[in-house]
Asks: 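This is the structure I want to talk about, given as structure tokens.
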Amino acid sequence: MDHLFEGLLGSESYTVRLLRKEDISQVEQLQELVVETLTEKKSLQPLTYEELDYILTGNGLMIGAFTEKELIAFRALLVPPIDEEHLGLDVGLEAEELPRVIYQEISNVHPDYRGNRLQQTLAHLIMQELGELDQRFIYVACTVAPFNIPSLKDKFKQGMEIAALKIKYVDQLRYVFIKRLDGEGSRGEISEIARVPMGDVEGQQALLEEGWRGISMEEEDGGYRVLYVKRQLMA
């Protein structure tokens, strides 16, 4: 079995490998455990068995970290169907660009193993694996709930940017993140900066409608502000 990575968590060793369909039950168990420990259940949109099966039968990638005893973390990428809910439409991509978008889906870490940078390690490894695929993706996109601080930090650390803030999954408010994977990055010089409280939904939406992007967050007076920038395209 090919391991993508081997590491240590204190004195305990772990390995990372690609997940397969026969791993679904372990993934479901870990996902249930993570949801049980959440104080705000709506901050995580768990994957259904059908969605896990869809990813593991050729429509994405999923990797997992295992100790000798169990699966302790996993991370998924999903090739999404092209429909009216596509995140590319939320961030203003053209229809012909939608097949070049892959989603960063759920990332779960066992409560006993949090604080070991497993989320970041798996993010790095899965994006490496994505580069090995025959199909070439230009964009990676995902959604994150406001105030889901660990997940927001994870996305910003990867260089992803907030391009929309809207209702998704019927009735859930979500940031929509996007990042180019082809080295183009976000073009243009930063011309303006604004810091907006995370709870100010309308203020953030107004900036996003005008083409601003959220690039980081900061803690201030016990709350959080999102740093938005406006870029001046170079002539």
Side-chain angles (χ1 to χ4, degrees), residues 1-41 43-79 102-137 140-145 147-160 177 179 181 216-217 219:
M1 192 175 298
D2 290 336
H3 293 146
L4 305 177
F5 183 79
E6 297 181 11
L8 285 172
L9 298 166
S11 60
E12 192 172 16
S13 63
Y14 75 99
T15 57
V16 179
R17 65 167 171 82
L18 286 169
L19 297 181
R20 301 179 300 273
K21 190 166 177 176
E22 52 264 38
D23 298 310
I24 284 184
S25 62
Q26 285 195 77
V27 171
E28 287 186 308
Q29 287 171 18
L30 178 54
Q31 187 173 245
E32 284 171 22
L33 178 64
V34 168
V35 170
E36 280 172 19
T37 63
L38 289 175
T39 50
E40 182 53 64
K41 301 286 191 275
S43 67
L44 183 70
Q45 186 73 21
L47 291 176
T48 63
Y49 177 90
E50 289 73 23
E51 288 169 323
L52 292 170
D53 183 62
Y54 178 79
I55 293 171
L56 292 170
T57 50
N59 298 291
L61 284 172
M62 193 175 292
I63 62 173
F66 293 82
T67 61
E68 278 189 16
K69 301 192 294 276
E70 62 185 339
L71 176 70
I72 59 167
F74 69 87
R75 189 151 202 154
L77 293 175
L78 165 73
V79 180
I102 194 162
Y103 289 1
Q104 262 198 19
E105 275 292 339
I106 201 164
S107 171
N108 278 177
V109 177
H110 192 293
D112 293 346
Y113 291 92
R114 286 178 189 153
N116 289 293
R117 300 177 63 83
L118 276 172
Q119 231 187 0
Q120 288 97 305
T121 299
L122 293 188
H124 174 70
L125 292 170
I126 203 166
M127 295 311 288
Q128 270 190 337
E129 281 302 299
L130 178 63
E132 300 296 316
L133 294 184
D134 291 334
Q135 187 175 352
R136 287 286 165 247
F137 295 96
V140 59
C142 69
T143 61
V144 181
F147 298 101
N148 182 347
I149 303 305
S151 193
L152 289 168
K153 286 181 177 177
D154 172 62
K155 304 306 175 237
F156 285 131
K157 272 187 183 138
Q158 293 182 63
M160 300 183 79
F177 279 82
K179 178 186 178 181
L181 298 170
S216 67
M217 55 186 275
E219 199 168 357

Asks: In Å and rounded to the nearest 0.5 Å, what is the CG to CG distance from Leu181 to Leu130?
Replies: 6.5 Å
Asks: What's the shortest heavy-atom distance between Arg17 and Phe66, and which atoms?
Replies: NH2-CZ, 3.4 Å
Asks: Will you find, in the side chains of Glu68 and Tyr14, an N or O donor that is under 3.5 Å from an N or O acceptor?
Replies: no
Asks: Counting C-beta onward and ignoring hydrogens, is there a side-chain heavy-atom pair between Leu71 and Asp23 closer than 4.5 Å?
Replies: no
Asks: Could you go through the side-chain contact (heavy atoms from CB on, under 4.5 Å) check for Leu152 and Phe147 one step at a time?
Replies: CA-CA 8 Å; Leu152 289 168; Phe147 298 101; 5.9 Å; no
Asks: Using 0.5 Å steps for rounding, measure from the CD atom of Glu6 to the OG1 atom of Thr15.
Replies: 6.5 Å
Asks: Let me see the working for Glu50 and Asp53 under side-chain contact (heavy atoms from CB on, under 4.5 Å), right down to the final yes or no.
Replies: CA-CA 5 Å; Glu50 289 73 23; Asp53 183 62; 5.6 Å; no
Asks: With no hydrogens and no angle check, just 3.5 Å: does a side-chain donor-acceptor pair link Gln119 and Arg114?
Replies: no
Asks: If you take all heavy atoms of Ala73 and Leu118, which pair is closest and at what distance?
Replies: CB-CD1, 4.2 Å
Asks: What closest approach, in Å, do Pro46 and Ile106 show between heavy atoms, and which atom pair accounts for it?
Replies: CA-CD1, 3.8 Å
Asks: Drop me the distance from Thr48's OG1 to Glu28's CD, to the nearest 0.5 angstrom.
Replies: 8.5 Å
Asks: Would you say Glu12 and Lys69 make side-chain contact, with heavy atoms under 4.5 Å?
Replies: yes
Asks: Flag the pair Met62 / Leu52 as yes when at least one side-chain heavy-atom distance between them is below 4.5 Å, and no otherwise.
Replies: yes
Asks: Can you find a heavy atom in the side chain of Leu61 that is under 4.5 Å from one in the side chain of Leu19?
Replies: no
Asks: How far apart are the C-alpha atoms of Lys179 and Lys155, what are their side-chain angles, what is the distance that settles it, and do they pass the side-chain contact (heavy atoms from CB on, under 4.5 Å) test?
Replies: CA-CA 10 Å; Lys179 178 186 178 181; Lys155 304 306 175 237; over 6 Å; no
Asks: Would you check if Leu30 and His110 make a side-chain contact, meaning some heavy-atom pair closer than 4.5 Å?
Replies: yes
Asks: Let me confirm one number: the CD1-CD distance from Ile24 to Gln29, rounded to the nearest 0.5 Å.
Replies: 12.5 Å
Asks: Taking the side chain as C-beta and beyond, is there a heavy-atom pair between Tyr103 and Leu77 under 4.5 Å?
Replies: no
Asks: Check Glu129 with Arg75, please: is the shortest side-chain N to carboxylate O separation under 4.0 Å?
Replies: no
Asks: For Pro111 and Leu33, which heavy atoms make the closest approach, and how far apart are they?
Replies: CD-CD2, 3.8 Å
Asks: Side-chain contact test, heavy atoms from C-beta onward, threshold under 4.5 Å: evaluate it for Met160 versus Cys142 and give yes or no.
Replies: yes
Asks: For Val79, does its backbone N or O pair with a side-chain atom of Tyr54 as donor and acceptor, under 3.5 Å?
Replies: yes
Asks: So how far is it from Ile55 CD1 to Leu78 CG, rounded to the nearest 0.5 Å?
Replies: 5.0 Å
Asks: Rounded to the nearest 0.5 Å, what separates atom OG in Ser216 from atom NZ in Lys153?
Replies: 12.0 Å
Asks: Would you name the heavy atoms of Thr121 and Phe5 that are closest together and state the gap between them?
Replies: CG2-CE2, 4.1 Å
Asks: Is there side-chain contact between Phe74 and Ile63, with at least one heavy-atom pair below 4.5 Å?
Replies: no
Asks: Please confirm whether the backbone N or O of Ala145 pairs with a side-chain atom of Asn148, one donor and one acceptor, at under 3.5 Å?
Replies: no
Asks: Which heavy atom of Asn108 sits nearest a heavy atom of Gln31, and at what distance?
Replies: OD1-CA, 3.3 Å
Asks: Under a plain distance cut-off of 3.5 Å, with no hydrogens placed, do Gln158 and Gln120 share a side-chain donor-acceptor pair?
Replies: no
